[in-house]
Participant: 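Before I ask anything, let me first share the structure, which is written out below as structure tokens.
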Protein chains: 2
Amino acid sequence: MTVSVKDVAQLAGVSVGTVSNVLNRPERVAPATLQRVNEAITKLGFVRNAAASQLRAGLSRSVGLVVLDSANPFFTDLARGAEDHAASMGISVLVGNSGEDPAREATYLDLFEEQRVRGVMLSPVGDITARLERLRGRGIAAVLVDRHTRNTAFSSVSVDDVVGGQLAAGHLASLGRKDIAFVGGPMHIRQVADRLEGARMALAEAGLPEPRVIEVPSMTLLSGREVGRELARAPESERPDAIFAANDMLGLGLMQGLLMGSGLRIPEDIALIGYDDIAFAESAMVPMSSIRQDAADLGSRAMELLLEEAASGDGYEHRQVVTEPTLVVRASTRPA
Amino acid sequence: MTVSVKDVAQLAGVSVGTVSNVLNRPERVAPATLQRVNEAITKLGFVRNAAASQLRAGLSRSVGLVVLDSANPFFTDLARGAEDHAASMGISVLVGNSGEDPAREATYLDLFEEQRVRGVMLSPVGDITARLERLRGRGIAAVLVDRHTRNTAFSSVSVDDVVGGQLAAGHLASLGRKDIAFVGGPMHIRQVADRLEGARMALAEAGLPEPRVIEVPSMTLLSGREVGRELARAPESERPDAIFAANDMLGLGLMQGLLMGSGLRIPEDIALIGYDDIAFAESAMVPMSSIRQDAADLGSRAMELLLEEAASGDGYEHRQVVTEPTLVVRASTRPA
DNA sequence: CGAACGAAGTGAATCGTTTCAATCCGGGTG
DNA sequence: CACCCGGATTGAAACGATTCACTTCGTTCG
């Protein structure tokens with residue numbers, strides 16, 4: 001029923017060892033033989049059995065990836081970057097979605113362990129240091145994503161949110177705006193706090209006063225719209241002349257609230273910049289400036305670290321890569 | 001280095017066959033033995049080697065899924081539905097993203113074939129009937145997604161766009177609107193044509209005239225905004241009193257164009273309904289009604305068909321499942 | 001001319017699990 | 001007391017590719 005190397009060998013009149021060589025190290029096979037074997041392969045429709053191959057080889061040609069939320073474009077881009085890099089090395093990626101649920105995360109790690117993947121890449125939900133140590137004991141490398149770890153026991157990649165905050169606030173300052181508001185929250189989220197800290201640093205450097213901070217319970221369109229409406233109603237003297245929204249959803253909501261039914265103009269009356277650079281930022285009523293985190297690049301670099309660690313032996317020196325986000329200027333902060 | 005069933009057997013003082021039974025049919029093992037083996041397993045940290053297991057079993061415990069665009073929420077939801085259903089059967093899903101590229105699609109199918117997956121589920125890019133026939137010859141089932149096939153050689157699941165069009169237009173008619181416009185395009189896209197056809201049917205049934213059709217080159221925010229602006233500028237007598245947008249992006253653009261700088265109100269002056277029910281529809285300036293395709297359900301049912309076909313033998317009778325979308329009413333079509 | 005060499009190819013052993021025919025054993029039956 | 005039954009367990013074969021020590025054979029070189 002199924003076609004194996006043995007059948008191919010028989011038809012081509014060579015040994016199974018030679019067929020294996022054709023499959024894995026064709027350069028060591030004489031051209032004539034190579035052709036004969038390849039013909040037999042296509043004629044029989046032979047397809048290598050990955051299970052048998054992996055069993056003997058001891059390791060698979062795949063790595064695992066667990067993301068927090070597969071509906072979030074950030075993670076789909078990240079996965080794409082990781083897959084592309086892996087594919088270029090002939091490695092395939094098994095993607096699992098934890099949905100922020102530690103149980104599902106654990107299930108996927110179990111699966112990956114059974115598969116004897118080369119390594120796992122994940123944005124952890126709970127504290128899984130112990131679990132990862134165990135994997136490492138099995139020779140499975142692990143790289144953390146998007147969570148800054150002071151823990152140097154693991155390699156990690158993340159984006160520097162302080163720099164992102166500096167870029168955003170610095171840009172507003174460079175437009176000559178003096179009264180800058182930061183909208184975001186809740187403050188205990190590290191990313192939000194870091195972005196605010198970056199903003200503070202940039203303003204201090206520009207000799208401007210502290211930003212006013214408008215804290216919101218969640219960073220959604222709705223929260224933003226509410227804050228936007230309030231600001232639009234406030235007398236001009238009390239309105240900031242620029243706003244830094246801690247993410248794009250919030251920023252888009254702010255834009256709606258500011259523009260709806262008021263005569264305000266963006267950026268003439270108020271400049272506005274968001275964070276994340278989601279697809280909708282570009283197609284907003286006024287195309288919105290933002291801070292872009294190159295998720296695909298992040299994924300690609302994480303995969304690079306992972307494969308590097310997997311390829312090297314025990315004494316691998318773990319690395320923490322922190323990438324810098326970039327400023328994307330659009331109409332919402334472009335001087336007329 | 002690695003722990004195998006043999007080690008477990010030794011520590012527990014049983015044979016390897018018994019360990020295998022503990023792993024796969026625990027009910028056939030005496031309770032005392034069961035416990036002893038399980039203790040040995042945890043003590044040694046044994047994890048089954050999937051490659052060896054699959055090799056012997058002949059088939060893997062996974063299925064493949066190739067989606068057209070992993071950035072599209074429709075497909076991430078679809079994948080989630082498929083994964084959930086598969087997980088409940090102890091099957092894992094390998095997800096590949098073709099990005100509408102036939103070459104990448106082929107690469108993933110190769111990979112799945114090597115993995116000896118139980119089946120593949122895919123929204124095909126090119127014509128891959130031949131390829132799928134070959135897979136079937138290998139005992140790998142295939143189910144098509146989201147492309148209506150008259151081809152009864154394969155099972156498929158899809159959403160009935162004609163019904164969706166009827167729902168949308170029928171809803172507008174039920175509000176008492178008389179002059180209804182359909183905005184969408186290009187018309188050669190089957191989904192668009194079907195939605196329009198459904199709309200025509202619903203209006204005819206309600207005794208209303210044909211919808212006016214405004215064709216757009218692409219269904220983007222921008223196209224919508226442009227059309228919306230034109231409509232807002234037109235004299236009231238020439239404006240439709242309701243619009244059916246062939247997808248939500250277009251609908252959101254229309255909303256922006258209609259509201260910006262005009263005194264128009266939605267739904268009082270113009271009712272508006274979209275299609276797809278993307279997340280942004282709910283948080284638009286005026287929450288927008290839409291037609292929801294339950295992608296997760298679609299994925300789940302496709303997986304059901306797939307596993308069913310994979311489990312049954314050759315003479316499987318293929319089924320074409322067409323699901324019906326549902327109407328989601330929000331403020332943009334809600335009578336004040 | 002014979003030894004040494006290297007390229008090409010061979011084939012048995014191996015990876016870890018599952019399967020299945022065979023064995024074991026305690027207890028019920030005639 | 002011999003026999004049988006069936007649940008529990010055993011252990012060797014099998015899955016298919018890869019590896020590696022070994023053979024073959026045509027060349028080259030002293």
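Numbers restart at 1 for each chain; the letters A, B, ... are given by sequence-line order, proteins then strands.
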Participant: With DNA chain D as reference, determine whether A/S4 or B/T18 sits nearer its 5' end, using the nearest nucleotide of each.
Facilitator: B/T18
Participant: How long is the line joining CZ of B/R28 and P of C/dC20, in whole Å?
Facilitator: 10 Å
Participant: C/dG16 P sits how many Å from A/Q115 CD, rounded?
Facilitator: 16 Å
Participant: Where do A/V322 and A/V159 land on the side-chain contact (heavy atoms from CB on, under 4.5 Å) test, with the steps shown first?
Facilitator: CA-CA 5 Å; A/V322 179; A/V159 183; over 6 Å; no
Participant: Without decimals, in angstroms, what is the distance between A/K6 NZ and C/dT10 P?
Facilitator: 15 Å
Participant: Tell me which one of B/R136, B/E304, B/R118 satisfies side-chain contact (heavy atoms from CB on, under 4.5 Å) with B/E309.
Facilitator: B/R136
Participant: For A/V19, which contact category applies under a 4.0 Å heavy-atom criterion: base, sugar-phosphate, or nothing?
Facilitator: nothing
Participant: Quick one: are B/V63 and B/L306 in side-chain contact, heavy atoms under 4.5 Å?
Facilitator: yes
Participant: To the nearest Å, give me how far apart CD (B/E113) and P (D/dG16) are.
Facilitator: 15 Å
Participant: Please determine whether a side-chain nitrogen or oxygen atom of B/R25 lies at a distance below 4.0 Å from atom OP1 or OP2 of C/dT19.
Facilitator: yes
Participant: Report the distance from atom CD of B/E114 to atom C1' of D/dG16, rounded to the nearest whole Å.
Facilitator: 13 Å
Participant: Closest to the B/N24 side chain: C/dT18, D/dT10, C/dT17?
Facilitator: C/dT18
Participant: Counting only non-hydrogen atoms, which of residues 29-37 of chain A are less than 4.0 Å from DNA chain C?
Facilitator: A/V29, A/A30, A/T33
Participant: Indicate whether any N or O donor in one side chain lies under 3.5 Å from an N or O acceptor in the other, for A/Q293 and A/D276.
Facilitator: yes
Participant: Atom CG of A/N21 and atom P of C/dG11: how far apart are they, to the nearest Å?
Facilitator: 14 Å
Participant: Using whole Å, report how far CG of B/L44 lies from P of C/dG16.
Facilitator: 14 Å
Participant: So A/L68 and A/S98, do their side chains get closer than 4.5 Å, heavy atoms only?
Facilitator: yes
Participant: Report yes if the side chains of B/M303 and B/E83 come closer than 4.5 Å at any heavy-atom pair, otherwise no.
Facilitator: no
Participant: Can you tell me if B/S20 touches the phosphate of C/dT17, counting only side-chain N or O atoms and a distance under 4.0 Å to OP1 or OP2?
Facilitator: no
Participant: Can you confirm whether A/L307 sits close enough to A/H85 that some side-chain heavy atom of one is under 4.5 Å from a side-chain heavy atom of the other?
Facilitator: yes
Participant: Nearest whole angstrom, please: distance from the P of C/dT17 to the CZ of B/R116.
Facilitator: 21 Å
Participant: For a quick test of reading the model: is some side-chain N or O of A/S15 closer than 4.0 Å to OP1 or OP2 of C/dT10?
Facilitator: yes
Participant: Where along residues 48-63 of chain B does a heavy atom come under 4.0 Å from DNA chain D, residue by residue in number order?
Facilitator: B/L55, B/R56
Participant: Identify which nucleotide among D/dT19, C/dT17, D/dA12 has an atom closest to any side-chain atom of B/V5, counting heavy atoms from C-beta outward.
Facilitator: C/dT17
Participant: Report yes if some heavy atom in the side chain of B/F112 is under 4.5 Å from a heavy atom in the side chain of B/S62; otherwise report no.
Facilitator: no
Participant: For a quick test of your reading: what N or O donor-acceptor pairs under 3.5 Å do the side chains of residues 21-37 of chain B make, sequence neighbours left out?
Facilitator:
residue: B/N21; atom: OD1; partner: B/R25; partner atom: NH1; Å: 3.2
residue: B/N24; atom: OD1; partner: B/R48; partner atom: NH2; Å: 3.1
residue: B/N24; atom: ND2; partner: B/S20; partner atom: O; Å: 3.0
residue: B/N24; atom: ND2; partner: B/S20; partner atom: OG; Å: 3.4
residue: B/Q35; atom: NE2; partner: B/E39; partner atom: OE2; Å: 3.0
residue: B/R36; atom: NH1; partner: B/A12; partner atom: O; Å: 2.5

Participant: What's the verdict on side-chain contact (heavy atoms from CB on, under 4.5 Å) for B/E105 and B/R131, showing C-alpha distance, side-chain angles and the deciding distance?
Facilitator: CA-CA 11 Å; B/E105 177 177 81; B/R131 187 70 202 270; over 6 Å; no
